[in-house]
Amino acid sequence: MLALGGVAGATLPAAAAATGCAVTYTVQSQWSNGFTANVAIANLGSAVTSWTLTFDFPDAGQTVTQGWSATWTQSGARVSAASMSWNGSMNTGESTTIGFAGAVNGRNPVPSSFALNGTACTGSVTTPTTSPTTASPSPTVTVPPGPAPELRVSGNKIVTAAGKPYRLLGVSRSGSEFACVQGKGLWDSGPVDQASVDAMKTWNIHAVRIPLNEECWLGVNGTPSGAAYQEGIKDYVDLLVANGINVILDLHWTWGAYATGPDWHCTDEHATCQKPVPDARYAPQFWTGVANVFKGNDAVVFDLFNEPYPEIASDWNKTVGWQCLRDGGTCPGISYEVAGMQDLVDAVRATGATNVLMVGGLEWANDMREWLAYQPADPLSNLAASWHAYSFNACASESCWDTQIAPLAQQLPIVLGEFGQDNCGFDYMQRLADWADAHSISYLAWTWSPWGCSTGAVLIKDYSGTPEPGIGEGYKAHLLTQDPYA
């Protein structure tokens, strides 16, 4: 939330005044007339139940235009950021991170001092501002030699086998969900060889999401041999993992006639398009097979279903939608028997597989508000929330992410399995990636496919990794600043 101009200095609660604090102010990205910044706040004094951070911009041309994880106001040079309900409490030694997008008029000097609840932060630290972005920065970390780390869930983090927090940062590699049913073989025309993986590594990609087709995996209903499809997927997964890149396997296209709902684009009963929920006929069998192939390899994550939207078939009844998503069975407006997320969790765990499982929400995995109330039971407590956020989705602003996503991120890991924008720029994606960085959320952009960027969501010009102007250049530059272990 943001209020600008004409706002008097905030009245600070004396009872909550801190006796010490440290601030790290980091310019994440910068261009000719704007920038984004993260502000990490550490409470070095007594515990607080709410807080307000204040600082002054050194230059008259610096203004906050949008902010996240706090209520931001500005009056003249004075900027105030007040805590929200979910991040207001900070015990001694605890910290939180907030951020904002700003406008500049040439210069962008960093603030020289900060105060928390009116008390000067004597431990303040600021990082120097960067020059306007004209080229990709040098990477802070590169994909290391050796295999990708095995992963599990611990609290609200994905961690390595050694317990070190880790974020899945990378791209989706489209093709294997559609090529097999369009007479193109396993993939589209693109390579899946060492050279193509090396191209990904030049972007500092640490994770690749691979969309799958259940009929092709099982070799049913006239699709190519299931064994050949399975072998091709396994070979590519093994190559990526051996190169230090984690893999997310996503059930993307499924069987099931869906001809009565208002989402008209997917009426074929075969797995040639995106259905609202997985089917009981094949989806549990699919995940049993996938889990048997990849169990024992916890560098691989299972995304149980791409983008659920069962509530649309029930005239946008969200309660019915959440129940259908979790429990399956007979769902209003859907003519096939549904496999709920609980069915798919059970199918995977029955094989003995211990892989991290991702489970989405409603509205094409964009609505996560009731995720905790309807989460499936996992005997291993190894679940992550699968969230998608495009610029055209309902939840596509910092205020929505703060109120709907940030509280969930306090409870369990969130993987932003797909994100993008409806043009070939990078402004929305930059804001979302910065916000996700501040909340320790994993993210993978759509898509590592050279389809030509005319309406967005295409990152590369070729499989050598040549970035598309704007969207690809911006995302590559951002990834090159990211360390999945940070």
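Considering CE of Met84 and CD1 of Ile98, their distance stands at 11.0 Å, rounded to 0.5 Å. Distance check, rounded to the nearest 0.5 Å: NE2 of His252 to CZ of Arg209 gives 6.0 Å.
A donor-acceptor contact closer than 3.5 angstrom links the side chains of Trp435 and Asp402. Defined by atom type and a distance below 3.5 Å, a donor-acceptor pair is present between the side-chain atoms of Thr36 and Asp434. A side-chain donor-acceptor contact under 3.5 Å links Thr354 and Asp298. A side-chain N or O of Tyr166 and one of Asn246 form a donor-acceptor pair less than 3.5 Å apart.
Within the 4.5 Å cutoff, the side chain of Leu459 has no heavy atoms near those of the Pro467 side chain. With contacts defined as side-chain heavy-atom distances shorter than 4.5 Å, the pair Tyr374/Gln342 does not qualify. The shortest side-chain heavy-atom distance between Val181 and Thr223 falls under the 4.5 Å cut-off. The shortest side-chain heavy-atom distance between Ser174 and Trp446 falls under the 4.5 Å cut-off. Side-chain contact check for Val415 versus Ser386: every heavy-atom pair is 4.5 Å or farther apart. Contact of the Gln421 side chain with the Asp427 side chain is registered, since non-hydrogen atoms from C-beta on lie closer than 4.5 Å. In this structure the side chain of Ile210 reaches within 4.5 angstrom of the side chain of Val208, judged on heavy atoms. Put simply, the side chain of His439 does not reach to within 4.5 Å of the side chain of Ile405, judged on heavy atoms.
In summary, Lys318 and Asp367 engage in a salt bridge, as defined by a charged side-chain N under 4.0 Å from a carboxylate O.
Closest approach of Ala283 and Leu251 over heavy atoms only: CB-CD2, 4.1 Å. Taking every heavy atom of both residues into account, Gly425 and Ile471 meet most closely at O-CB, 3.4 Å.
Although no hydrogens or angles enter the test, the distance criterion places a donor-acceptor pair under 3.5 Å between the side chain of Lys295 and the main chain of Thr351. The closest donor-acceptor contact from the side chain of Asn297 to the backbone of Ala299 lies under 3.5 Å.
Classification of the Phe294-Trp217 ring pair by plane angle, with boundaries at 30° and 60°, yields tilted. A perpendicular orientation is assigned to the rings of Tyr309 and Tyr258, their planes being inclined by more than 60° (bins at 30° and 60°). The aromatic rings of Phe426 and His478 are tilted relative to each other, their planes meeting at an angle between 30° and 60°.
Checked options Thr254, Asn221, Thr272; the residue passing with Glu215 is Asn221 (criterion: side-chain hydrogen bond (donor to acceptor under 3.5 Å, both in side chains)). Checking Val301, Val293, Asp303, Leu212 one by one against Leu249, the side chain to side chain contact (heavy atoms under 4.5 Å, CB included) holds for a single residue, Leu212.
Between Tyr282 and Tyr336, a ring centre-to-centre spacing not shorter than 6.0 Å is recorded. Side-chain rings of Trp387 and Trp371 stay apart, their centers remaining 6.0 Å or farther from each other. Here the two rings, on Phe302 and Trp287, have centers that are under 6.0 Å apart. Ring centers of Tyr236 and Trp187: under 6.0 Å apart, within the cut-off. Close placement of the Phe419 and Tyr475 rings is indicated, their centers lying within 6.0 Å of each other.
Considering only residues two or more places apart in sequence or on other chains, Asp238 meets the salt bridge (Lys or Arg N to Asp or Glu O under 4.0 Å) condition with Lys234. In this structure, the side chain to side chain donor-acceptor pair (under 3.5 Å) partners of Asp462, at least two apart in sequence or on a different chain, are Thr466. In this structure Arg152 satisfies the salt bridge (Lys or Arg N to Asp or Glu O under 4.0 Å) test with no other residue, sequence neighbours excluded. For Arg326, there are no salt bridge (Lys or Arg N to Asp or Glu O under 4.0 Å) partners at least two apart in sequence or on another chain. Residues satisfying the salt bridge (Lys or Arg N to Asp or Glu O under 4.0 Å) test with Lys461, not counting sequence neighbours, are Glu468.
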Pair Phe392, Tyr428 - check ring-ring contact (aromatic ring centres under 6.0 Å, His included), show working. CA-CA 10 Å; Phe392 47 81; Tyr428 167 82; 8.8 Å; no
Could you walk me through whether Asn156 and Gln410 satisfy the side chain to side chain donor-acceptor pair (under 3.5 Å) test, starting with their C-alpha distance in whole Å, then the side-chain angles of each, then the deciding distance to 0.1 Å, before giving a yes or no? CA-CA 6 Å; Asn156 69 338; Gln410 300 292 310; 5.1 Å; no
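For the salt bridge (Lys or Arg N to Asp or Glu O under 4.0 Å) condition, the pairs that include at least one residue of residues 174-194, sequence neighbours left out, are Arg173-Asp188.
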